Amino acid sequence: MASTASDQFHPAMTIAELINLPACVTLATANRALGLGRTAGYGLAKSGQYPVPLIRAGRGYRVSSIEVAKILGLTVPDQVDVPANLRAIAA
């Protein structure tokens, strides 16, 4: 069975999905979180007008999940509480 364009549509993310994102995500994931289509998202990135700062990674882009959360109005703590057993590693 051949896939159609509608089969490949990814709806915007839920708050739970946003909260569980890794620290850095692909541009495609950031586009989905921000409700941007592929063409619009990549066009904004190439023109330097993407709504959050981009990290250039080789030929692609990466995006800070915290920046995505901030632009969506989610509260992001200034400091993350690091468990005692990981403090030496984080320092």
Side-chain angles (χ1 to χ4, degrees):
M1 181 172 171
S3 68
T4 64
S6 63
D7 292 338
Q8 297 174 11
F9 174 73
H10 297 286
M13 288 186 182
T14 65
I15 300 251
E17 289 174 310
L18 285 167
I19 290 169
N20 288 311
L21 288 175
C24 200
V25 297
T26 63
L27 188 61
T29 300
N31 288 343
R32 184 171 165 234
L34 296 170
L36 296 171
R38 177 181 166 79
T39 303
Y42 279 89
L44 289 169
K46 287 181 183 179
S47 68
Q49 297 178 350
Y50 203 75
V52 298
L54 298 174
I55 303 163
R56 191 72 174 162
R59 292 177 46 195
Y61 299 98
R62 296 292 182 269
V63 183
S64 164
S65 297
I66 290 176
E67 294 298 329
V68 172
K70 284 179 183 177
I71 199 161
L72 292 173
L74 297 176
T75 303
V76 178
D78 289 333
Q79 290 190 335
V80 176
D81 193 23
V82 179
N85 62 337
L86 297 178
R87 286 191 187 135
I89 296 169

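Model, not experiment: these values are computed from the prediction. Basis for what follows: all heavy atoms, side chains included, without hydrogens, waters or symmetry-related copies.
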Full working for side-chain contact (heavy atoms from CB on, under 4.5 Å) between T29 and M13 = CA-CA 9 Å; T29 300; M13 288 186 182; 3.4 Å; yes
Could you tell me which non-hydrogen atom of L44 sits nearest to which non-hydrogen atom of P51, and how far apart they are?
-> CD1-CD, 4.4 Å
Quick one: CD1 on I19 to CG on L74, what's the gap to the nearest 0.5 Å?
-> 7.0 Å
Which atoms form the tightest heavy-atom contact between S65 and C24, and what is the distance?
-> OG-N, 4.1 Å
Report yes if some heavy atom in the side chain of Y42 is under 4.5 Å from a heavy atom in the side chain of L36; otherwise report no.
-> no
Can you tell if the side chain of R62 reaches within under 4.5 Å of the side chain of T26, non-hydrogen atoms only?
-> yes
Using the side-chain contact (heavy atoms from CB on, under 4.5 Å) rule, take V63 and I55 through it: C-alpha gap first, then chi angles, then the decisive distance, then the call.
-> CA-CA 6 Å; V63 183; I55 303 163; over 6 Å; no
Between A33 and L72, the two heavy atoms sitting closest are O-CD1, 3.7 Å
All heavy atoms of A45 vs all of L54, minimum pair found to be CB-CD1, 3.5 Å
Any chance you could measure I15, atom CD1, to N20, atom CG, to the nearest 0.5 Å?
-> 11.5 Å
CD1 on I71 to CD1 on I66, rounded to 0.5 Å | 14.5 Å
